[in-house]
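A short write-up of the structure that comes next.
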Amino acid sequence: MVQVATEPVIVKTPKGNLEGDLVVPPPARAVVLFAHGSGSSRHSPRNRAVAESLQDRGFGTLLLDLLTPEEAKFDQRTHELRFDIDLLAERLVPAIDQLAEWSATRKMPVGLFGASTGAAAALKAAARRPDRVAAVVSRGGRPDLGGEGLASVQAPTLLIVGGDDREVLNLNRQAAELLTSLPLTDVKIEIVPHAGHLFEEPGALERVEELAAEWFRTYLGAGVERWTGPDGGHWKPPEPRRRPPPIA
């Protein structure tokens, strides 16, 4: 595993500051912003495992709290904010913008990785920043909560679902129909056999890591199979194809 320093960062929003952990390995040419699921935070062990796997493959990562500390305390009591998809998407947008301003990530394409309700927020944020977000991956997500806004998503989207998570799988299939209501370069559902909602089964999360890395390698034009040298063995495939914006 690649050993790199974690830089604490602050993302400024109109309603307060959000805390994040930024890691940029030396060979990184792209960065993945994580949107955690309901009741979780940037400390989510599963998202951290995926982030470390992406770092090992030459991607930068930003794990971000989507609520301020005060909001998080309120949400722990009421469970209200964790399902406010518009609010969560609004928190991701300034993070995407600030990744374009920070010196360590300024010129990097951005991918979004969303889990549970964070997947819907990631897709809504991608629709609002089509020129910045080049790919989206959902793990056990609820993209259906993005509603009709899914039809505005231009970024190639991978939906990873556990084979035993049948209700969420059906919801992902419904969301995929909305995502493909206009011609889109790529929307794909990958089913991890015998995996439940949290991908706790042996090898399940590792399969998520492999699928996410391959998707980001393809559409962010960066990353490697494994860290192979001082430059990470960086390679760049052809520029990703994107869906044209809808005709007004």
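Since we're looking at a predicted model, the values are computed, not measured.
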Provide the closest heavy-atom pair for [X] versus [Y] in the form atom of the first, atom of the second, distance.
X: Ala204; Y: Phe199; result: CB-O, 3.8 Å
X: Ala119; Y: Gly141; result: CB-CA, 3.8 Å
X: Val208; Y: Phe113; result: CG1-CZ, 4.2 Å
X: Ala155; Y: Thr157; result: O-OG1, 2.9 Å
X: Ser138; Y: Asn172; result: OG-OD1, 4.4 Å
X: Val187; Y: Ala176; result: CG1-CB, 4.2 Å

Can you find a heavy atom in the side chain of [X] that is under 4.5 Å from one in the side chain of [Y]?
X: Glu214; Y: Leu211; value: no
X: Leu178; Y: Glu148; value: no
X: Tyr219; Y: Asp186; value: yes
X: Val32; Y: Val50; value: no
X: Gln98; Y: Lys12; value: yes
X: Thr117; Y: Leu145; value: yes

Distance (rounded to the nearest 0.5 Å) between [X] [atom1] and [Y] [atom2]:
X: Arg57; Y: Glu210; atom1: CZ; atom2: CD; result: 6.5 Å
X: Leu22; Y: Ile10; atom1: CG; atom2: CD1; result: 12.0 Å
X: Leu123; Y: Arg128; atom1: CG; atom2: CZ; result: 11.5 Å
X: Leu99; Y: Leu92; atom1: CG; atom2: CG; result: 10.5 Å
X: Leu64; Y: Leu18; atom1: CG; atom2: CG; result: 5.0 Å
X: Phe59; Y: Glu52; atom1: CZ; atom2: CD; result: 15.5 Å

Q | Derivation and outcome, salt bridge (Lys or Arg N to Asp or Glu O under 4.0 Å), residues Lys73 and Glu71 | A | CA-CA 5 Å; Lys73 292 179 182 178; Glu71 289 171 338; over 6 Å; no
Is there a path of hydrophobic side-chain contacts, each under 4.5 Å between heavy atoms of I, L, V, M, F, W or Y residues, that connects [X] with [Y]?
X: Leu205; Y: Leu63; value: yes
X: Leu88; Y: Phe83; value: no
X: Val93; Y: Leu66; value: no
X: Val168; Y: Ile189; value: yes
X: Leu171; Y: Ile85; value: no

Q.
Apply side-chain contact (heavy atoms from CB on, under 4.5 Å) to residues Leu112 and Val137 and explain how you reach the verdict.
A. CA-CA 6 Å; Leu112 300 181; Val137 173; over 6 Å; no
Q.
I need the single residue from Val161, Asp164, Leu159 that forms a side-chain contact (heavy atoms from CB on, under 4.5 Å) with Leu169. Which is it?
A. Val161
If we ignore hydrogens and angles and just use 3.5 Å, is the side chain of [X] paired with the main-chain N or O of [Y] as donor and acceptor?
X: Trp102; Y: Val9; result: no
X: Arg139; Y: Ile160; result: no
X: Ser53; Y: Ala49; result: no

Q: Please test Arg46 against Glu200 for side-chain contact (heavy atoms from CB on, under 4.5 Å), starting from the C-alpha separation and ending with a verdict.
A: CA-CA 9 Å; Arg46 283 171 287 277; Glu200 296 176 307; 4.2 Å; yes
Are [X] and [Y] close enough for a salt bridge, meaning some N to O gap below 4.0 Å?
X: Arg207; Y: Glu209; result: no
X: Asp97; Y: Arg132; result: no
X: Arg42; Y: Glu19; result: yes

(Q) side-chain hydrogen bond (donor to acceptor under 3.5 Å, both in side chains) for His36 and Asn47? Distances and angles first, verdict last. (A) CA-CA 7 Å; His36 59 75; Asn47 277 357; over 6 Å; no
Q) Looking at residues at least two apart in the chain, or sitting in another chain, which of them share a side-chain hydrogen bond (donor to acceptor under 3.5 Å, both in side chains) with Asp84? A)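 side-chain hydrogen bond (donor to acceptor under 3.5 Å, both in side chains) list for Asp84, sorted by chain: empty.
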(Q) Checking Thr61 now: which residues fulfil side-chain hydrogen bond (donor to acceptor under 3.5 Å, both in side chains) with it, not counting sequence neighbours? (A)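 Listed in chain order: Gln55.
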Q.
Ignoring hydrogens and geometry beyond distance, is a side-chain donor-acceptor pair present between Ser44 and Arg48 at under 3.5 Å?
A. no
Q: Determine, step by step, whether Val136 and Leu158 satisfy the side-chain contact (heavy atoms from CB on, under 4.5 Å) criterion, reporting the C-alpha distance in whole Å, the side-chain angles of both residues, the deciding distance to 0.1 Å, and the verdict.
A: CA-CA 6 Å; Val136 178; Leu158 175 65; over 6 Å; no
Q.
Among residues at least two apart in sequence or on other chains, which ones pass salt bridge (Lys or Arg N to Asp or Glu O under 4.0 Å) with Asp144?
A.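 In terms of salt bridge (Lys or Arg N to Asp or Glu O under 4.0 Å), with neighbours along the sequence ignored, Asp144 is linked to Arg142.
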**Q.** Exceeds 12 heavy-atom contacts within 6.0 angstrom, atom NE2 of His43
**A.**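 More than 12 heavy atoms, drawn from other residues, nucleotides or ligands, come within 6.0 Å of this atom.
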Q.
Quick one, Phe34 with Leu62, criterion side-chain contact (heavy atoms from CB on, under 4.5 Å). Give me CA distance, side-chain angles, the key distance, then yes/no.
A. CA-CA 6 Å; Phe34 282 71; Leu62 174 57; over 6 Å; no
Q: Would you sort out whether Arg91 and Asp65 count as a salt bridge (Lys or Arg N to Asp or Glu O under 4.0 Å), showing the intermediate values?
A: CA-CA 9 Å; Arg91 300 303 170 78; Asp65 287 340; over 6 Å; no
